[in-house]
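What you see is a predicted model, and the numbers here were worked out from it, not measured in a lab.
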Amino acid sequence: MDEILETLNSKQKEAVVKTEGPVLILAGPGSGKTRCITHRLAYLILQKHVNPAAILSITFTNKAANEMKIRTIKLLQEHNLKVKSLPWLGTFHASCVKILRREGKHLPYGSDFVIYDSKDQEETVKKSLLELHLDPKKFSPTNVLYTISSAKNELITAKEYVNHAHGYFQEIVAKVYPKYQSILRKNKALDFDDLIMETIFLFQEVPEVLHKYQNQFQYIQVDEYQDTNKSQYLLTKLLASNHHNICVVGDPGQGIYSWRGADIRNILEFEKDYPEVKVIKLEQNYRSTKTIISAAKQILEVNTDYPSMKLWTENFEGSRISIYEAYSEKDEALFLTDTIKSLLNYGENGEKLFQYSDFAVLYRTNAQSRILEEVLIREGVPYKLLGGVKFYERKEVKDVLAYLKFLANPADMIAWERIQKLGKRRSQKFIDWKEKSNLEKSSSAEILDSILKETGYLEYINNGSEEGISRVENVKELRSVAQSFDRLQDLLENIALIQDEVTPEGQKTDDQNNNSVVLMTLHSAKGLEFPIVFLAGCEEGLLPHSRAMTDKHELEEERRLCYVGITRAKQKLYMTYASKRQIFGAETFGAISRFIEDIDKDLLSWEQ
DNA sequence: GGTCACACAGTTTTT
DNA sequence: CTGTGTGACC
């Protein structure tokens with residue numbers, strides 16, 4: 001039975017078998033964290049005979065949740081256990097929605113609420129401003145929303161906010177927040193922050209509900225704990241307050257989300273909350289070369305906010321980190337394209353060593369991807385762009401979703417207003433159709449088809465231009481998503497919470513999908529690894545970003561971001577910077593990033 | 001009701 | 001530079 005522990009190192013084993021009481025796993029990059037958590041789940045079920053339904057395992061992204069699900073199932077199967085059920089495995093938001101929907105009878109808005117995404121939220125803020133006769137140009141909805149969201153993350157309600165408001169802007173927000181909240185409720189909508197906040201309030205106001213879930217979840221696991229905000233922290237604390245079987249995993253050195261409310265103190269002070277805590281440090285790295293680990297540590301060790309981990313590895317020394325000073329951003333793109341091509345053809349001994357999918361290009365801002373794409377296309381290098389403008393945020397997708405959302409929830413005035421903006425005649429046709437059709441019997445794809453047909457929406461967006469054609473493509477893509485969800489409600493819930501990666505250009509061939517260079521921001525690279533990594537734009541002003549250079553804590557976060565980027569690389573790391581770069585159309589000159597200068601010179605080799 | 005031109009903003013991003 | 005959104009004008 002102990003064979004489940006066989007493939008683990010001693011620290012990992014310790015973390016797996018310590019199932020009772022609070023555990024804090026500090027896991028450096030590449031230290032086998034996911035492996036550790038999935039084994040722990042399997043160990044609980046196989047060895048401790050814990051009912052899977054009694055385990056709550058929380059991750060930050062759906063991607064992580066999925067991966068964990070797959071790996072856990074595989075592990076259980078390997079040990080010949082047929083699983084009747086799996087642990088609750090999902091994001092904070094998905095878990096809270098599940099609870100709220102179940103407990104609808106305790107909620108004033110019931111179980112059938114809709115979930116507003118950030119665009120919907122912004123619309124709602126704008127509407128609130130207008131109703132209060134405030135000018136959205138003076139008080140940017142983005143900023144107001146950001147302030148409200150921060151308040152919600154701190155569990156400050158609309159009523160209380162006025163007592164926390166400092167300064168003119170926040171006093172304005174103190175007026176908008178209650179309005180915003182009342183519009184949400186009128187529309188039977190919750191925003192993302194509400195999902196967590198409302199669950200906590202439910203727990204606090206209806207103790208028997210809290211007790212129910214405290215009893216159900218005998219074991220709680222939270223991943224990426226350094227990225228939790230106050231409400232998420234409180235939620236787990238409430239659930240674990242009886243049995244204290246809470247295992248949190250994280251790495252303060254990889255905290256890169258403070259700008260959206262993550263509070264690194266949650267992990268740093270975990271020991272204060274649970275004095276009996278067992279702390280386990282996973283510091284052996286299995287991913288990268290000694291050179292890469294040394295460089296990463298040297299960059300991170302400059303930080304003083306809290307102690308860094310003592311990462312080490314038994315891996316090879318590896319080659320030096322290549323630094324390239326480009327003349328311009330175009331030159332930078334050419335350099336890395338050429339490098340990819342040359343490594344593709346000849347390894348060091350002349351044989352073909354790498355394929356496209358072994359390379360990743362990481363950068364600080366999405367805007368940097370444009371020139372990279374341009375050059376990669378021209379040079380015929382297949383690439384996959386992760387992130388960028390989100391599929392579900394595109395105008396045409398939001399439009400079609402507005403029709404669907406309004407059908408599912410006629411109280412949703414934000415959706416209705418969006419529909420009206422698409423033309424009076426079109427909305428009238430839509431309403432007429434809605435009256436006479438039987439929606440109960442139709443699948444979501446059928447409903448979508450009818451709407452497109454009745455309103456002539458496709459003709460409306462397709463003006464024959466390249467733009468128009470790609471918009472039609474996107475709507476078709478949405479239709480193919482709809483096909484996998486028969487019930488309209490299921491489709492909408494999935495879109496609101498999961499927001500799976502959808503490739504707007506439609507189905508790509510397997511070859512393109514699986515064998516391409518990957519382009520993404522440093523933020524979205526967390527958790528991934530690649531044999532060869534290019535860190536582009538290592539310039540003062542970009543990495544660290546100019547907006548973060550004046551504040552010590554923000555600067556430390558930039559450093560962690562750089563650390564995250566470097567530790568994605570398994571074999572070889574390139575760091576490039578451009579002495580001249582176009583930013584917002586203007587030519588700017590940037591100096592080499594201080595992060596490169598923090599690395600020992602004997603770990604670096606300068607290209608050309 | 002729809003189109004076109006101008007203004008304007010513009011880290012990071014998950015849910 | 002470039003995508004988005006608003007408002008004036010047909």
Distance check needed: [N] [atom2] versus [X] [atom1], whole Å only.
X        : N      : atom1 : atom2 : result
A:His545 : B:dG10 : NE2   : P     : 12 Å
A:Gln420 : B:dG2  : CD    : C1'   : 16 Å
A:Ile148 : B:dT15 : CD1   : C1'   : 17 Å
A:Asp191 : B:dT13 : CG    : C1'   : 16 Å
A:Ile583 : B:dA9  : CD1   : C1'   : 15 Å
A:Ile58  : B:dT15 : CD1   : P     : 14 Å
A:His523 : B:dT12 : NE2   : C1'   : 4 Å
A:Leu385 : B:dT13 : CG    : P     : 11 Å

Counting heavy atoms from C-beta on, name the nucleotide in B:dT15, B:dT11, B:dT13 closest to the side chain of A:Tyr257.
->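 Nearest listed nucleotide: B:dT13.
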
Residues [X] and [Y] bridged, charged N to O under 4.0 Å:
X        : Y        : result
A:Glu123 : A:Arg418 : no
A:Lys398 : A:Asp117 : yes
A:Asp227 : A:Lys526 : yes

Within the pair [X] and [N], is there a side-chain N or O less than 4.0 Å away from OP1 or OP2?
X        : N      : answer
A:Thr521 : B:dT13 : yes
A:Arg547 : B:dT11 : yes
A:Asn229 : B:dT14 : no
A:Asn62  : B:dT14 : no

When you check the glycosidic angle of B:dT12, does it come out syn, meaning within 90° of 0, or anti?
-> anti

Base, sugar-phosphate, or nothing for [X], non-hydrogen atoms under 4.0 angstrom?
X        : answer
A:Arg370 : sugar-phosphate
A:Ser140 : nothing
A:Lys126 : sugar-phosphate
A:Arg426 : sugar-phosphate
A:Glu587 : nothing

Result of checking A:Glu198, A:Arg185, A:Lys188 against A:Tyr109 for side-chain hydrogen bond (donor to acceptor under 3.5 Å, both in side chains) =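 Only one of A:Glu198, A:Arg185, A:Lys188 forms a side-chain hydrogen bond (donor to acceptor under 3.5 Å, both in side chains) with A:Tyr109, namely A:Glu198.
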
For DNA chain B, whose closest nucleotide is more 5', that of A:Glu558 or that of A:Leu195?
->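 Upstream on the strand: A:Glu558.
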
Would you please test A:Tyr563 and A:Asn303 for side-chain hydrogen bond (donor to acceptor under 3.5 Å, both in side chains) and show each step?
-> CA-CA 11 Å; A:Tyr563 174 78; A:Asn303 278 355; over 6 Å; no

Is A:Trp259 stacked on the base of B:dT12, meaning ring centres closer than 5.5 Å and planes within 30 degrees of each other?
->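 A:Trp259 vs B:dT12: stacking yes.
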
For the residue pair A:Tyr213 and A:Trp88, categorise the inter-ring angle as parallel (less than 30°), tilted (30 to 60°) or perpendicular (more than 60°).
-> perpendicular

